[in-house]
Chemist: 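So that we are looking at the same thing, I have put the structure below in structure tokens.
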Amino acid sequence: MPKRILTTFAIIATAATMTFAQTKPPAPKTGTKPEMITQKIAAAPTGKAVNIRVELAINDQVAPASPGRKVVTMIVADGQMGNVRSLANVRFAGDRSRTIEINADAHPMIIAGNRIRLDLGLEYQPTTGNPNETGPEGMARMSQRLSFILESGKPLLVAQAADPASERKVTVEVTATILE
């Protein structure tokens, strides 16, 4: 019986020691001054000290109508993350409503001169635009995760999607501009 109590006590003591060790802040190395640690953290590379304007132009076309255009713009610091969330509830005649949603995440990084690597996440759920339509309202949600290289200020067509149930076509053009 005493052996079982000692074993139980040893397990509890070990668990308590492990928990304390996880919550205790790391001790600085011998001879390391606190200001030296702060300088090392401040010197960590985080990108250049400039902003980048990221513009997404979403063209949504149902043939043969002219395309609808939605533009999302955000300013993001080099090497940082930015996101935009847009949600609208559109009411049609007859008390019908439809939610339109655009979500965009951008992580731009200047890689050389005026070239930018952009990691982009985009979710788009459009509406049909036809309040008299009785079938499924709009295209299914479009979701994309892309990484590509851009030249500052030059637009690039990065995605094109077709609705499998209709003649709808959605294109995404991106322009990233270094703001100096």
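When reading the values below, keep in mind they use all heavy atoms of this one structure, side chains included, and skip hydrogens, waters and symmetry mates. Note that the coordinates shown come from a computational prediction; the quantities given were computed from them, not determined experimentally.
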Chemist: Leu156: which residues meet the side-chain contact (heavy atoms from CB on, under 4.5 Å) condition with it, sequence neighbours left out?
Modeler: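 Phe148, Leu150, Val158.
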
Chemist: Leu122 and Leu157: same hydrophobic cluster, using ILVMFWY side-chain contacts below 4.5 Å?
Modeler: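 No; tracing contacts between hydrophobic side chains, which count when under 4.5 Å, never links both residues.
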
Chemist: Tell me which pairs pass salt bridge (Lys or Arg N to Asp or Glu O under 4.0 Å) where either residue lies in residues 148-162, with sequence neighbours left out.
Modeler: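 Sorted result for residues 148-162: Glu151-Lys154.
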
Chemist: Which donor-acceptor pairs under 3.5 Å do the side chains of residues 49-57 make with protein atoms, sequence neighbours left out?
Modeler:
none

Chemist: Any luck finding a side-chain donor-acceptor pair between Tyr124 and Asn103 under 3.5 Å?
Modeler: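 Side-chain D/A pair, Tyr124 to Asn103: absent.
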
Chemist: Other than Met109, what residues sit in its cluster of Ile, Leu, Val, Met, Phe, Trp and Tyr side chains whose heavy atoms are under 4.5 Å apart, directly or through others?
Modeler: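 In the cluster with Met109 there is nothing else; it is isolated.
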
Chemist: Would you mind checking if Lys48 and Glu180 are paired as a salt bridge, meaning a charged N to carboxylate O distance below 4.0 Å?
Modeler: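 No salt bridge links Glu180 with Lys48.
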
Chemist: Quick one: are Val172 and Met142 in side-chain contact, heavy atoms under 4.5 Å?
Modeler: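 When only atoms from C-beta onward are counted, Met142 and Val172 do touch, with a gap below 4.5 Å.
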
Chemist: The criterion is side-chain contact (heavy atoms from CB on, under 4.5 Å); which residues satisfy it with Gln61, sequence neighbours excluded?
Modeler: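 Gln61 satisfies side-chain contact (heavy atoms from CB on, under 4.5 Å) with Pro67, Lys169 only.
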
Chemist: Which residues, ordered by chain and number, are linked to Ile111 in its hydrophobic cluster, where ILVMFWY side chains connect at heavy-atom gaps below 4.5 Å, directly or through other members?
Modeler: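 Joined to Ile111, directly or through intermediates: Ile149.
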
Chemist: How close do Pro108 and Val76 get, heavy atom to heavy atom, and via which atoms?
Modeler: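 The pair with the smallest heavy-atom distance is CD-CG1, 3.7 Å.
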
Chemist: Taking all non-hydrogen atoms of both residues, which atom of Ile178 and which atom of Gly113 are closest, and how far apart?
Modeler: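 Closest approach of Ile178 to Gly113: CD1-O, 3.9 Å.
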
Chemist: Taking only residues two or more places apart in sequence, or in another chain, which ones meet Asn114 in a side chain to side chain donor-acceptor pair (under 3.5 Å)?
Modeler: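 Side chain to side chain donor-acceptor pair (under 3.5 Å) check on Asn114 returns nothing, list empty.
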
Chemist: Atom CE of Met81 and atom CE of Met74: how far apart are they, to the nearest 0.5 Å?
Modeler: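 These two atoms lie 9.0 Å from each other.
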
Chemist: Apply side-chain contact (heavy atoms from CB on, under 4.5 Å) to Ser86 and list each qualifying residue two or more places apart in sequence or on a separate chain.
Modeler: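 Scan of Ser86 (side-chain contact (heavy atoms from CB on, under 4.5 Å), adjacent residues dropped) gives Ile102.
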
Chemist: Do any N or O atoms from the side chain of His107 and from the backbone of Gly82 form a donor-acceptor pair under 3.5 angstrom?
Modeler: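 Pair absent, no side-chain N/O of His107 close to backbone of Gly82.
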
Chemist: In chain order, what residues pass the side chain to side chain donor-acceptor pair (under 3.5 Å) check against Gln160, with sequence neighbours excluded?
Modeler: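 None.
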
Chemist: Name all residues meeting the salt bridge (Lys or Arg N to Asp or Glu O under 4.0 Å) criterion together with Arg115; count only those two or more places apart in sequence or in a different chain, and write none if there are none.
Modeler: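 With neighbours one apart ignored, the set is empty.
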
Chemist: By the salt bridge (Lys or Arg N to Asp or Glu O under 4.0 Å) test, which pairs, at least two apart or in different chains, include something from residues 102-114?
Modeler: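 Checked against salt bridge (Lys or Arg N to Asp or Glu O under 4.0 Å) - neighbours excluded - the pairs reaching residues 102-114 are Arg85-Asp105.
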
Chemist: Can you list the residues that meet the side chain to side chain donor-acceptor pair (under 3.5 Å) rule with Arg69, with sequence neighbours excluded?
Modeler: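 Partners of Arg69 under the side chain to side chain donor-acceptor pair (under 3.5 Å) test: Asn59.
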
Chemist: Tell me whether Val71 is reachable from Ile58 by hopping between hydrophobic residues (I, L, V, M, F, W, Y) whose side-chain heavy atoms are closer than 4.5 Å.
Modeler: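 The answer is no; the residues belong to distinct hydrophobic clusters.
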
Chemist: Grouping I, L, V, M, F, W and Y whenever their side-chain heavy atoms are under 4.5 Å apart, do Ile116 and Val84 come out in a common cluster?
Modeler: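 Yes; Val84 is reachable from Ile116 via cluster members.
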
Chemist: Could you verify whether a donor N or O on one side chain and an acceptor N or O on the other, from Gln80 and Asp78, lie under 3.5 Å apart?
Modeler: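 Side-chain D/A pair, Gln80 to Asp78: absent.
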
